[in-house]
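Written out below as structure tokens is the structure these notes cover.
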Amino acid sequence: MSDKKRFYLSTPIYYVNDVPHIGHAYTTLACDVLARYKRARGYEVCFLTGTDEHGQKVEKAAQAKGETPLELADRVVKRFQSLWDKLNISNTDFIRTSQERHKLAVQEIFRNIEAKGDIYLGEYEDWYCTPCETFWTETNLLDGNCPDCGRPTDKLKEESYFFRMSKYQEQLLAHIEANPDFIQPKSRRNEILSFIREGLRDLSISRTTFSWGIPVPGNDKHVIYVWFDALTNYISALGYPNDNDGEFSKFWPCDVHVIGKDILRFHTVYWPTFLMAAGIPLPEKVFAHGWWTVEGQKMSKSLANVVEPNMLIDKYGVDAIRYFLLREVPFGLDGDFSHTALVHRINSDLANDLGNLVSRSTAMLNKYFKGELTSPGETIDIDKILQDKFTKQVKVVDGHMEALAFNKALQSIWELVSAANKYIDDSAPWTLAKDDAQRERLGSVMYNLLEAIRMIGLLVTPFMPETGANISKILGVDPTDQHLEEHDSWGLLKPGTIIEKATPLFPRIETE
RNA sequence: GGCGGUGUAGCUCAGUUGGUUAGAGCAUGCGGCUCAUAUCCGCAGUGUCCGGAGUUCGAAUCUCUGCACCGCCA
């Protein structure tokens with residue numbers, strides 16, 4: 001073990017029965033920003049995303065289209081991957097549950113737990129809808145009928161393997177109580193605590209009604225149940241049960257599983273108890289974010305209001321979308337996606353505040369110094385205040401990033417944008433420019449201003465990689481080297497640098 | 001039905017262990033600058049802090065109760 005800092009974070013694996021929408025993009029984007037931030041802070045990052053491909057729904061959907069489940073999955077996987085490219089997602093691996101490495105891991109963990117006596121063969125009894133080939137619990141039925149198709153259901157028994165989840169109730173409870181940050185946000189933690197206190201039952205972890213899945217070791221009649229299969233991706237991607245390349249011992253336990261609030265229970269009850277049974281350490285943290293409504297309405301296929309991320313990116317630009325999604329809503333709460341809110345954010349925050357700051361600053365440098373940065377002279381009070389503000393704010397942003405409070409981090413960065421704009425007003429370069437005796441002072445002001453922009457660019461890079469690179473290019477700084485550790489102190493721009501007048505970073509969106 | 005949460009400016013929210021004139025951003029109004037993508041900066045508001053009762057010298061903050069909304073479970 002070297003002492004290099006490491007960070008492992010994951011998105012859920014997305015089910016290939018659905019095509020990518022704003023919700024998928026949101027989760028993945030949040031992870032990407034965190035991953036980029038951690039890298040900028042000197043961490044070696046493992047950033048995992050992927051797809052969940054097994055199960056009855058996929059099997060049936062494929063059948064309906066006259067293709068194999070794997071062919072269907074291949075098709076949908078491409079759509080996810082091309083969206084991630086387009087969104088500038090920097091994942092370091094992409095796991096598919098249909099891959100051999102995953103199958104090995106799932107069967108191994110199954111065998112492992114079974115050998116310890118925590119998996120047993122029993123009978124699963126529930127209400128079965130024959131046309132849908134789906135089991136329903138009594139409480140899910142609508143007047144005794146299938147909630148999907150409305151047809152009558154029958155009580156059926158099926159042989160099934162069970163995981164002795166009940167055995168781990170107290171251990172899990174103790175873990176959550178001893179680790180207040182294990183489940184975030186807090187409101188979700190409370191929900192899970194009360195869920196566990198009501199009592200955990202053993203969990204059915206195999207099915208015999210379909211075959212598109214991973215067979216139970218030693219009993220091919222059974223396919224391993226979707227969540228037992230899917231959750232294991234977080235370690236199968238690291239090579240579990242092997243550690244030949246050292247990935248598993250290097251990155252496990254995971255620092256954070258970022259998920260949507262709909263799959264909280266699977267990640268904070270099922271997954272930890274599986275791991276306990278297998279004798280594997282638990283992840284450090286599970287963070288459940290909220291959902292997006294669209295123009296005030298719940299997203300649904302029937303309303304046809306599902307937001308298509310590719311279209312948004314084409315229309316507004318990738319960085320604008322990245323900015324909006326993480327700035328508009330506190331991570332963990334629900335939010336609303338509306339066209340007017342998006343345009344408002346783009347125009348006021350990106351075009352007016354940040355974009356215009358860069359425009360006016362580079363324009364002045366060109367007007368007064370033909371674009372050449374001069375050495376700063378004497379530092380006066382307002383310079384010092386500006387510098388202190390920036391130096392302190394870097395730490396504030398860091399705190400927010402640690403807490404996954406992306407909106408607060410951006411808010412804090414924008415306080416710097418405001419401070420820089422205010423600095424221009426306070427120092428009034430256009431007045432200084434009229435007096436030859438103030439030439440040196442004018443040069444200092446310009447230097448401080450451009451330096452402020454450099455720092456802003458640095459902080460903004462994990463959120464908006466293209467914009468960060470643009471700002472670097474404008475300032476003549478190496479855009480590929482954005483390490484915060486080496487660059488987050490004041491005064492690193494080189495005097496003598498020629499900086500051209502920048503074209504607008506973000507064009508205003510004119511509304512009628 | 002059980003458990004938990006929320007209700008503060010037009011909107012979105014912050015309000016630490018109860019303590020002076022209740023805050024921020026956006027929106028609104030007014031003023032200033034002119035370097036800039038008609039951008040930027042400053043100032044100003046407005047609040048029965050959901051209703052009611054109680055504890056206290058003092059409550060948005062604690063207790064009880066009513067109403068409304070939300071989440072999880074059944």
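Note that the structure is predicted; figures quoted are calculated from it, not measured. Chain letters run A, B, ... following the sequence lines, proteins first and then strands; every chain starts at 1.
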(message) Measuring only the P atom in each nucleotide, how far is U8(B) from A60(B)? A whole number of Å is fine.
(response) 15 Å
(message) Taking C70(B) as the reference, what is the distance to G23(B) when you measure between their C1' atoms (whole Å, please)?
(response) 25 Å
(message) Without decimals, in angstroms, what is the distance between Asp336(A) CG and C26(B) C1'?
(response) 15 Å
(message) Across nucleotides 5-17 of chain B, 5' to 3', mark each nucleotide with B, S or - according to how protein heavy atoms within less than 4.0 Å reach it.
(response) -------------
(message) Strictly by Watson-Crick or wobble contacts shorter than 3.5 Å, is anything paired with A53(B), and which nucleotide is it?
(response) U63(B)
(request) Can you figure out which of U37(B), A27(B), C3(B) approaches the side chain of His344(A) most closely? (result) A27(B)
(request) Mind calculating the distance between CG (Leu449(A)) and P (A36(B)) to the nearest angstrom? (result) 14 Å
(request) Could you please name the partner base of G4(B), counting Watson-Crick and G-U wobble pairs only when both distances are under 3.5 Å? (result) C70(B)
(request) Not counting sequence neighbours, which residues clear salt bridge (charged side-chain N to carboxylate O under 4.0 Å, His left out) with Glu159(A)? List them please. (result) Lys221(A)
(request) Searching all strands shown, indicate the nucleotide that pairs with G29(B) (Watson-Crick or G-U wobble; both distances under 3.5 Å). (result) C43(B)
(message) Going by purine N1 to pyrimidine N3 plus the second Watson-Crick contact, or the G-U wobble pair, all under 3.5 Å, which nucleotide sits opposite A38(B)?
(response) none
(request) Mark yes or no: Arg345(A) above the aromatic ring of Tyr316(A), with NZ or CZ under 6.0 Å from the six-membered ring centre and no more than 45 degrees from the axis. (result) no
(request) Take atom P in C49(B) and the same atom in U65(B), then report the distance between them in whole Å. (result) 22 Å
(message) Distance check needed: A27(B) C1' versus Arg345(A) CZ, whole Å only.
(response) 12 Å
(message) Could you tell me how far C67(B) sits from G58(B) if I compare only their P atoms? Round to whole Å.
(response) 29 Å
(request) Please determine which of Thr11(A), Asp32(A), Asn233(A) meets the side chain to side chain donor-acceptor pair (under 3.5 Å) test together with Thr49(A). (result) Thr11(A)
(request) Figure out the CZ/C1' separation between Phe195(A) and G4(B), and round it to whole Å. (result) 15 Å
(request) Assign Lys408(A) to base, sugar-phosphate, or nothing according to its heavy-atom contacts below 4.0 angstrom with the strands shown. (result) nothing
(request) For Tyr368(A), answer base if it contacts any base atom (sugar-phosphate contacts may also be present), sugar-phosphate if it contacts only those atoms, and nothing otherwise; contact means non-hydrogen atoms under 4.0 Å. (result) sugar-phosphate
(request) Would you kindly give the CZ-to-C1' distance between Arg197(A) and C73(B), to the nearest whole Å? (result) 14 Å
(request) Sort out for me which residue in Trp414(A), Phe406(A), Phe463(A) forms a ring pair (Phe, Tyr, Trp, His ring centres under 6.0 Å) with Tyr323(A). (result) Trp414(A)
(request) May I ask you to check whether over 12 heavy atoms, not counting those of Asp435(A), lie within 6.0 Å of atom CG? (result) yes
(request) Could you check how far CG of Leu350(A) sits from C1' of U39(B), rounded to whole Å? (result) 14 Å
(request) For G10(B) versus U55(B), give the span between their C1' atoms, rounded off to a whole number of Å. (result) 36 Å
(request) Go ahead and name the base partner of U48(B); Watson-Crick or wobble counts if both distances stay under 3.5 Å, otherwise write none. (result) none
(message) Between C26(B) and A9(B), how far apart are the two C1' atoms, rounded to whole Å?
(response) 12 Å
(message) Just to be sure I understand the rule, does Leu505(A) reach a base, reach only the sugar-phosphate, or reach nothing, if contact means heavy atoms closer than 4.0 Å?
(response) base
(request) Compare side-chain N and O positions of Arg327(A) against OP1 and OP2 of G25(B) and report whether any pair is under 4.0 Å apart. (result) no
(message) Whole angstroms only, please: what is the CG-C1' distance between Leu264(A) and C73(B)?
(response) 13 Å
(message) Does the Lys NZ or Arg CZ of Arg188(A) fall within the cation-pi geometry relative to Phe287(A) - under 6.0 Å from the ring centre and within 45° of the axis?
(response) no
(message) Using whole Å, what does the distance between atom P of nucleotide U34(B) and atom CG of Asn356(A) come to?
(response) 16 Å
(message) Let me spell it out: for each of Asp349(A) and Lys367(A), pick the nucleotide of RNA chain B with the closest heavy atom. Which residue's pick is nearer the 5' end?
(response) Asp349(A)
(request) Assess the side chains of Asp229(A) and Thr97(A): does a donor N or O sit below 3.5 Å from an acceptor N or O? (result) no
(message) As a test of reading the structure: which of C3(B), G71(B), U37(B) is closest to the side chain of Ala351(A), going by heavy atoms?
(response) U37(B)
(message) Pick the closest RNA chain B nucleotide for Ala363(A) and for Ser194(A) by heavy atoms, then say which residue is nearer the 5' end.
(response) Ser194(A)
For nucleotides 41-44 of chain B, give me every protein contact, N/O to N/O, under 3.5 Å, one pair per line with atom names.
unit_1: C41(B); atom_1: O4'; unit_2: Asp425(A); atom_2: OD2; d: 3.3

(request) Could you verify whether a donor N or O on one side chain and an acceptor N or O on the other, from His267(A) and Tyr234(A), lie under 3.5 Å apart? (result) yes
(request) Searching all strands shown, indicate the nucleotide that pairs with U20(B) (Watson-Crick or G-U wobble; both distances under 3.5 Å). (result) none
(request) Quote, to the nearest angstrom, the P distance that separates G4(B) from G66(B). (result) 15 Å
(request) Would you check if the distance from the ring center of Phe163(A) to the ring center of Phe228(A) is below 6.0 Å? (result) no
(request) Select base, sugar-phosphate, or nothing to describe what Arg265(A) touches, counting heavy atoms under 4.0 Å on all strands. (result) sugar-phosphate
(request) Run the ring-centre check on Trp271(A) versus Phe266(A) and record whether the distance is less than 6.0 Å. (result) no
(message) Under a plain distance cut-off of 3.5 Å, with no hydrogens placed, do Asn352(A) and Arg508(A) share a side-chain donor-acceptor pair?
(response) yes
(message) Say we look at C3(B) and C64(B): how far apart would their P atoms be, to the nearest angstrom?
(response) 14 Å
(request) Please check if the distance between the ring centroids of Trp227(A) and Tyr270(A) is under 6.0 Å. (result) no
